[in-house]
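Report on the following structure.
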Amino acid sequence: MKIAVSFVSEVPNPAALEKLLCQFYSVIRTKLNAIGGSQIEPADGAVETLAHSDDFLPPRNRLLPATAQDGTLMGCGMIRMIRDDATELKRMFVRPQAQGLGLGSRLFEMRMAEARRMGCKTLSADTIKGNTPMLTMYERHGFRRIPRYAENFNGPELDPYLVYLEHHL
């Protein structure tokens, strides 16, 4: 399966991104429930994300969609500036049918490279405790666990369920 991955200046297909984000938040809800976390509604998370597109679109932020040849959105990743020299990596997701193709690594590495081009010195991120695939990817790329960072996008009520990470470029 051939998948095109490139940063965009606007959401090319808002309905497709909303569906992808619903699937992302559904996975997040399942992982949170498995460790006793609070309920989240996937549709609400998707709508809330799209309502704040300035959090993931240029000039300050970035959206990295991954699109199959037939136009199907297969994954995405976002970058949110949290300081002039720091970004937060957000909402990386690859649909199950595209997993195992290296797309997750590609999205991850392209966002790290873009953050460097943006002049960032620090990358911050969070993931759900027990999310072994993401924790492994972060650790493989040199991230280390840290206490919650002040600019974290999520509310502090999620602290018991999240791992916070940081990498210095």
Starting from the C-alpha separation in whole Å, work towards a yes-or-no answer on side chain to side chain contact (heavy atoms under 4.5 Å, CB included) for R29 and L32. CA-CA 5 Å; R29 179 176 63 185; L32 271 173; 5.7 Å; no

Could you check T49 against R91 for side chain to side chain donor-acceptor pair (under 3.5 Å), going step by step and ending with a plain yes or no? CA-CA 10 Å; T49 298; R91 291 177 190 82; 3.2 Å; yes

Test V11 against L57 for side chain to side chain contact (heavy atoms under 4.5 Å, CB included), laying out the working first. CA-CA 8 Å; V11 178; L57 289 175; 4.2 Å; yes

Go through it in stages, so that I can follow the logic: the residues are Q69 and M1, the test is side chain to side chain contact (heavy atoms under 4.5 Å, CB included), and I'd like the CA-CA distance, side-chain angles, deciding distance and then a yes or no. CA-CA 8 Å; Q69 287 178 308; M1 176 184 313; over 6 Å; no

Assess the residue pair C120 and M81 against the criterion (side chain to side chain contact (heavy atoms under 4.5 Å, CB included)); give the C-alpha distance rounded to whole Å, side-chain angles, the decisive distance to 0.1 Å, and a yes or no. CA-CA 9 Å; C120 293; M81 291 291 292; 3.7 Å; yes

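In this structure the side chain of L165 never reaches within 4.5 angstrom of the side chain of I146, judged on heavy atoms. Put simply, the side chain of I40 does not reach to within 4.5 Å of the side chain of D44, judged on heavy atoms. In this structure the side chain of V47 never reaches within 4.5 angstrom of the side chain of E41, judged on heavy atoms. Side-chain contact check for L20 versus C76: some heavy-atom pair is nearer than 4.5 Å. Side chains of M112 and F143 form a contact here, defined as non-hydrogen atoms less than 4.5 Å apart. Looking at E10 and P58, their side chains never come closer than 4.5 Å, going by heavy atoms from C-beta outward.
Legend: residues meeting side chain to side chain donor-acceptor pair (under 3.5 Å) with Y149, ordered by chain and number and at least two apart, are E88, N152. Under the side chain to side chain donor-acceptor pair (under 3.5 Å) criterion, E109 pairs with H141, not counting sequence neighbours. Here K31 pairs with nothing under the side chain to side chain donor-acceptor pair (under 3.5 Å) rule; sequence neighbours left out.
Here the CZ-CD1 distance, from F153 to I82, works out to 12.5 Å after rounding to the nearest 0.5 Å. The CG atom of D85 sits 10.0 Å away from atom CG of L169, with the distance rounded to the nearest 0.5 Å. A distance of 13.5 Å separates CD1 in I79 from CG in D55, rounded to the nearest 0.5 Å. With rounding to the nearest 0.5 angstrom, the CD1 atom of I128 is 8.5 Å from the CG atom of L158. Going from atom CE of M78 over to atom CZ of F93 covers 12.0 Å, rounded to the nearest 0.5 Å. Within the model, atoms CG of L101 and CE of M74 stand 8.0 Å from one another, a figure rounded to the nearest 0.5 Å.
Nearest heavy atoms, T87 versus A115: OG1-CB, 3.9 Å. Contact between P160 and E157 at its shortest, heavy atoms only, is CD-O, 3.5 Å. Across D126 and Y164, no two heavy atoms sit closer than the pair CB-CD2, 3.8 Å. Across all non-hydrogen atoms, the minimal contact from L73 to P65 is CD1-CB, 3.6 Å. The heavy-atom pair separating I3 from A98 by the smallest distance is CD1-CB, 4.1 Å. Across P12 and V8, no two heavy atoms sit closer than the pair CD-CG2, 4.2 Å.
Looking only at distances, a side-chain donor or acceptor of Y161 sits under 3.5 Å from a matching main-chain atom of G36. Using modelled atom types, one side-chain atom of H167 and one backbone atom of G142 make a donor-acceptor pair closer than 3.5 Å. Under the 3.5 Å distance criterion, the side-chain polar atoms of T136 are matched with a main-chain donor or acceptor of T132.
Connection of F7 to L63 is not established within any shared hydrophobic cluster, with ILVMFWY side chains joined at heavy-atom distances below 4.5 Å, either directly or through further cluster members. Residues L17 and V27 share a hydrophobic cluster, clusters being chains of Ile/Leu/Val/Met/Phe/Trp/Tyr side chains in contact below 4.5 Å. There is no path of hydrophobic side-chain contacts, each under 4.5 Å, that joins L64 to L50. L107 and I28 fall into different hydrophobic clusters, where Ile, Leu, Val, Met, Phe, Trp and Tyr side chains are chained together by heavy-atom contacts under 4.5 Å.
Taking a cutoff of 4.0 Å between a charged side-chain nitrogen and a carboxylate oxygen, R145 and E166 do not qualify as a salt bridge. The pair R148-D159 meets the salt-bridge criterion, with a side-chain N (NZ, NE, NH1 or NH2) lying under 4.0 Å from an Asp/Glu carboxylate O. No salt bridge links R80 with D54; every basic N to acidic carboxylate O contact stays at or beyond 4.0 Å. By the 4.0 Å N-to-carboxylate-O rule, E114 lies too far from R111 to be salt-bridged with it.
Around the CG atom of D84, the shell of radius 6.0 Å holds no more than 12 heavy atoms that belong to other residues, nucleotides or ligands.
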